[in-house]
Structure formats: C-alpha cells, structure tokens
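Quick caveat, the model's predicted, so the values are computed rather than measured.
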Amino acid sequence: MKVLFVEDDHSIALGLEYSLKQEGYDVRTCHTVAEAKKALGEARFDLCLLDVTLPDGNGYEICKMAKRRDDVAVIFLTACDDEGNVVMGLDMGADDYITKPFRIRELLSRMKSVLRRYQKMDSGGQVFHIGDITVYPLQAKVYKGESELSLTAMEYRLFLTLVQAEGRVLSRNQLLESLWDIGGDYVNDNTLTVYIKRLREKLGGENGETELIRTVRGLGYRLGE
C-alpha cells in the first residue's frame, strides 16, 4: 500500500514514517504543499495522510488535488478539532479526521478500516428506489429524479447503509461501525450528526431538508417515507 504522508514537523514525520514502514506501508513523506502536489503528479497512492497547516498552504489543497485525480482515501492529521475544520475536511471528501496527539495504534487501526472500505466491492447489480431517489450501488451513484446528487464518499456510504437496512432502525453506533468498520471509540460522534444533516439537505434539494431519513428518538435513524 502506497501512502502519501504530508507533515511539516520533521521530527514527527520521521517517527511516524518509521512506524508506517515497519507495518509494511510504502511511504512517501512530504513537508510542503508543493512537494505533495509534485508527488501526486508522479505516482498513484492508496491513502493520503495530510496535516492541515503547512508552510506554503494547507492540507485541504492537497486533498482537492488527490480527489480530483483519483478517488484516493484521505485522512487528516491535525491539532485543529473545531467543527468548522472537521466539516471543511469532510466536505472535500476526507474519510477521517484524527486530532493530534494520537496513538500510533489508533492511527493504524483507522488507516486499515478506511483502506478496507475502498477495497470492498459492492455486490450484485441491485438498484434501490426510495420515493424519487434511486441508488445504483455498482456505480456508486445516487439520483433524485433525473439529477445525480453530488455526495462525498462518506455521505454515500452512510446513505447506502441506511438504504440496505430496508427501513429498519439503525443506532448511531451501528452507523459509525458501518462507516469506520471499528467500534466508535476513536470516532467523534458529532461527525455523524454533520453527515445526517448534509444528507438530508442534499436529498431534499431546493425544498430543504428531507424527512426521508427519520430520527427515532432514543434509538437512532431509519430510512423511509
């Protein structure tokens, strides 16, 4: 697995690079936005680990380029854990957001779960219809009427999980486990709330937030008209 690791603190970069290589990852380390963009232009990566604050810009620029070139997995590593920064990263398609300082085992676990999601292939050619919403799992596309909805990778996975539950109530923990493939120990629960809100807005279109995703008080969420 090829990993692009971007961190401007050389001592942190050296230690984490060593740990990743010990786990068998092929790591290319960069310390600036310019170096990272050059690396993306020269090779394909399975995962990008991106610091947010960099000397010549920020990790969001790198994320945009990585996602534009290929649907590569992205994890942000940053000391900025306020909701605004989290939402900005997720809106750009990031798969996870880890706040410094973190334990190396935590990072490795979350890396593996993100990579597993990208390696999974949707099975079968089933198409799902919910009201005026149509989901094509093999193409990872969602349509509202004739218009394709622009969902981030994580928004799509969350919606597909709800769709495949066939109207059953899913707890917040079940949804988090389906998204991260691990228990919610390392996941900020507020992130799920952000995803649900943005999904409702996108599924509702110009009419505002849809009621297609229903909150079952004290239990979780279910999909159904």
Undergrad: With rounding to the nearest 0.5 Å, note down the distance linking NZ in K144 to CG in L203.
TA: 7.0 Å
Undergrad: Which heavy atom of L115 sits nearest a heavy atom of D46, and at what distance?
TA: CD2-O, 3.7 Å
Undergrad: side-chain hydrogen bond (donor to acceptor under 3.5 Å, both in side chains), that's the test. Do R200 and T215 meet it? Break it down for me.
TA: CA-CA 11 Å; R200 284 172 169 160; T215 300; 2.7 Å; yes
Undergrad: With sequence neighbours excluded, give me every salt bridge (Lys or Arg N to Asp or Glu O under 4.0 Å) pair touching residues 15-30.
TA: K2-D26, E17-K21, E23-R105, R28-E42
Undergrad: Measure across A39 and F45 and return the closest heavy-atom pair with its distance rounded to 0.1 Å.
TA: O-CE1, 3.5 Å
Undergrad: Do the side chain of D56 and the main chain of A34 share a donor and acceptor less than 3.5 angstrom apart?
TA: yes
Undergrad: Would you mind listing every ring pair (Phe, Tyr, Trp, His ring centres under 6.0 Å) that reaches into residues 5-29, with sequence neighbours excluded?
TA: H10-H31
Undergrad: Taking side-chain hydrogen bond (donor to acceptor under 3.5 Å, both in side chains) as the definition, give me every residue that meets it alongside D9, ordered by chain and number, with sequence neighbours left out.
TA: S11
Undergrad: Got a sec, which residues hit ring pair (Phe, Tyr, Trp, His ring centres under 6.0 Å) with Y143, two or more places apart in sequence or on another chain?
TA: Y136
Undergrad: So how far is it from S171 OG to L176 CG, rounded to the nearest 0.5 Å?
TA: 8.5 Å
Undergrad: Going from CG on L108 to CG on L20, what distance comes out if it is rounded to the nearest 0.5 angstrom?
TA: 6.5 Å
Undergrad: Does T53 have any side chain to side chain contact (heavy atoms under 4.5 Å, CB included) partners at least two apart in sequence or in another chain, and if so, which?
TA: none
Undergrad: List the residues meeting side chain to side chain contact (heavy atoms under 4.5 Å, CB included) with R217, not counting sequence neighbours, and say none if there are none.
TA: none
Undergrad: Which heavy atom of L175 sits nearest a heavy atom of Y221, and at what distance?
TA: CD1-CD1, 3.7 Å
Undergrad: Any sub-3.5 Å donor-acceptor pair from K202's side-chain atoms to L151's backbone N or O?
TA: no
Undergrad: Got a sec, which residues hit side chain to side chain contact (heavy atoms under 4.5 Å, CB included) with R44, two or more places apart in sequence or on another chain?
TA: D70
Undergrad: Quick one: side-chain hydrogen bond (donor to acceptor under 3.5 Å, both in side chains) partners of T32, sequence neighbours excluded?
TA: none
Undergrad: Work out which heavy atom in P137 is nearest to a heavy atom in F128; give both atom names and the distance.
TA: CG-CE1, 3.5 Å
Undergrad: How many angstroms lie between CG in L40 and CG in L4, if you round to the nearest 0.5 Å?
TA: 5.5 Å
Undergrad: Indicate yes or no: does K100 engage D51 in a salt bridge with an N to O separation below 4.0 Å.
TA: yes
Undergrad: Mind checking whether F159 and Y195 have ring centres under 6.0 Å apart?
TA: no
Undergrad: Could you tell me which residues satisfy side-chain hydrogen bond (donor to acceptor under 3.5 Å, both in side chains) with E35, sequence neighbours excluded, listed by chain and number?
TA: none
Undergrad: Give me the other members of the hydrophobic cluster that V169 sits in, counting Ile, Leu, Val, Met, Phe, Trp and Tyr linked by side-chain heavy atoms under 4.5 Å, directly or via other members.
TA: V216, L219
Undergrad: Kindly write out the residues that satisfy side-chain hydrogen bond (donor to acceptor under 3.5 Å, both in side chains) with S150, not counting sequence neighbours, or none if the list is empty.
TA: none
Undergrad: To the closest 0.5 Å, what do you measure between CZ (R214) and CZ (R222)?
TA: 5.5 Å
Undergrad: With side chains defined as the heavy atoms from C-beta onward, is the minimum distance between D95 and L47 less than 4.5 Å?
TA: no
Undergrad: Heavy atoms, side chains only, cut-off 4.5 Å: are Q164 and L160 in contact?
TA: yes
Undergrad: Do the side chain of S109 and the main chain of E106 share a donor and acceptor less than 3.5 angstrom apart?
TA: no
Undergrad: Taking side chain to side chain contact (heavy atoms under 4.5 Å, CB included) as the test, write out the residues that go with E61, two or more places apart.
TA: V33, K37, N58
Undergrad: State the CD1-CG distance between I196 and L162, to the nearest 0.5 angstrom.
TA: 5.5 Å
Undergrad: side-chain hydrogen bond (donor to acceptor under 3.5 Å, both in side chains), that's the test. Do R172 and T193 meet it? Break it down for me.
TA: CA-CA 9 Å; R172 294 179 70 87; T193 303; 2.9 Å; yes
